Colleague: 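Quick one: the structure is below, and I'll ask about it shortly.
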Amino acid sequence: SPPSPPTPPSLPPSPRVPQSRLLPPSTPTPLLCKQVELLVDVRALDPPQWCNKAAERRSSRNVCERYFAVLSVNRSSGVYRVARCAHDSADTKCRLAAHEATCAPPPPPQPD
């Protein structure tokens with residue numbers, strides 16, 4: 001029988017990253033965290049709103065789904081939870097989608 005191939009060298013153990021540096025289990029960056037960069041936060045409106053507040057969001061899927069809500073922010077880490085607004089045509093409502101994501105804080109703005 002042919003000789004068996006040599007055993008590959010074992011890799012050193014990977015360094016442990018302290019839990020405090022890791023995001024909750026939603027890493028790598030969830031797609032939703034990237035999507036909300038292009039959407040409007042209903043909670044940042046003046047005054048803050050929820051998805052179903054405005055008539056135009058209730059009546060139009062296109063308008064509704066341009067919005068999202070920040071559900072909570074961890075003030076010390078900057079990590080935040082978000083959900084998109086989703087249109088329910090059967091009830092003519094614009095509601096928070098069931099899917100949420102936990103996102104890392106945005107990078108600081110770059111000077112012009």
Side-chain angles (χ1 to χ4, degrees):
S1 69
S4 57
T7 310
S10 63
L11 296 171
S14 57
R16 299 283 305 148
V17 178
Q19 281 301 116
S20 62
R21 290 238 205 99
L22 296 176
L23 282 176
S26 57
T27 54
T29 303
L31 178 61
L32 183 55
C33 296
K34 295 189 180 310
Q35 291 172 336
V36 298
E37 293 172 9
L38 307 172
L39 304 175
V40 178
D41 178 8
V42 289
R43 305 302 294 152
L45 299 173
D46 187 16
Q49 298 180 8
W50 288 105
C51 297
N52 202 46
K53 174 78 174 156
E56 64 270 16
R57 288 196 295 270
R58 290 193 298 267
S59 62
S60 168
R61 170 175 294 243
N62 278 344
V63 174
C64 171
E65 294 181 354
R66 284 188 216 140
Y67 290 83
F68 77 103
V70 172
L71 306 174
S72 65
V73 177
N74 179 319
R75 299 252 179 248
S76 60
S77 68
V79 170
Y80 59 101
R81 280 183 31 246
V82 297
R84 282 190 78 156
C85 296
H87 194 258
D88 180 346
S89 53
D91 281 343
T92 322
K93 294 194 185 305
C94 181
R95 298 190 162 114
L96 281 175
H99 175 72
E100 297 176 5
T102 301
C103 307
Q110 298 298 314
D112 290 338

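In this text the structure is predicted, and so the values were computed from the model without any measurement.
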Colleague: Applying the 4.5 Å side-chain criterion to the ILVMFWY set and letting contacts propagate, would L32 and Y80 be lumped into a single cluster?
Modeller: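 Shared cluster, yes.
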Colleague: If you look at every heavy atom in A97 and A86, which pair is closest and at what distance?
Modeller: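 Taking A97 first and A86 second, the nearest heavy atoms are CB-CB, 4.0 Å.
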Colleague: Taking the side chain as every heavy atom from C-beta outward, state whether C51 and R95 have any pair of such atoms under 4.5 Å apart.
Modeller: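 Answer no - side chains too far apart.
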Colleague: Assess the residue pair K53 and L45 against the criterion (side-chain contact (heavy atoms from CB on, under 4.5 Å)); give the C-alpha distance rounded to whole Å, side-chain angles, the decisive distance to 0.1 Å, and a yes or no.
Modeller: CA-CA 11 Å; K53 174 78 174 156; L45 299 173; over 6 Å; no
Colleague: Using modelled atom types and a 3.5 Å cut-off, is there a donor and acceptor pairing between side-chain atoms of R84 and backbone atoms of F68?
Modeller: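 Looks like no, no N/O pair under 3.5 Å.
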Colleague: Please say yes or no: joined through hydrophobic side-chain contacts below 4.5 Å, possibly via intermediate residues, are Y67 and V70 part of one cluster?
Modeller: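 The answer is no; the residues belong to distinct hydrophobic clusters.
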Colleague: Can you sort out the partners of R61 under side-chain contact (heavy atoms from CB on, under 4.5 Å), two or more places apart, ordered by chain and number?
Modeller: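 By the side-chain contact (heavy atoms from CB on, under 4.5 Å) rule, R61 matches E65, H87, S89.
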Colleague: Side-chain contact test, heavy atoms from C-beta onward, threshold under 4.5 Å: evaluate it for C103 versus V79 and give yes or no.
Modeller: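 Side-chain contact under 4.5 Å: no.
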Colleague: Donor-acceptor pair, S60 side chain versus E56 backbone, under 3.5 Å?
Modeller: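 No, S60 side chain to E56 backbone: no donor-acceptor pair under 3.5 Å.
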Colleague: Quick check: closest heavy atoms across A101 and P30, and the distance to 0.1 Å?
Modeller: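 Taking A101 first and P30 second, the nearest heavy atoms are CB-CB, 3.9 Å.
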Colleague: With a 4.5 Å cut-off on side-chain heavy-atom distances among I, L, V, M, F, W and Y, is there a chain of contacts connecting V73 to L39?
Modeller: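 In one cluster with V73: L39, yes.
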Colleague: Out of curiosity, R66 CZ to C94 SG, how far, rounded to the nearest 0.5 Å?
Modeller: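 Output value for this atom pair is 11.0 Å.
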Colleague: Kindly give the heavy-atom pair with the smallest separation between L96 and A69, and that separation in Å.
Modeller: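 Closest approach of L96 to A69: CD2-CB, 3.7 Å.
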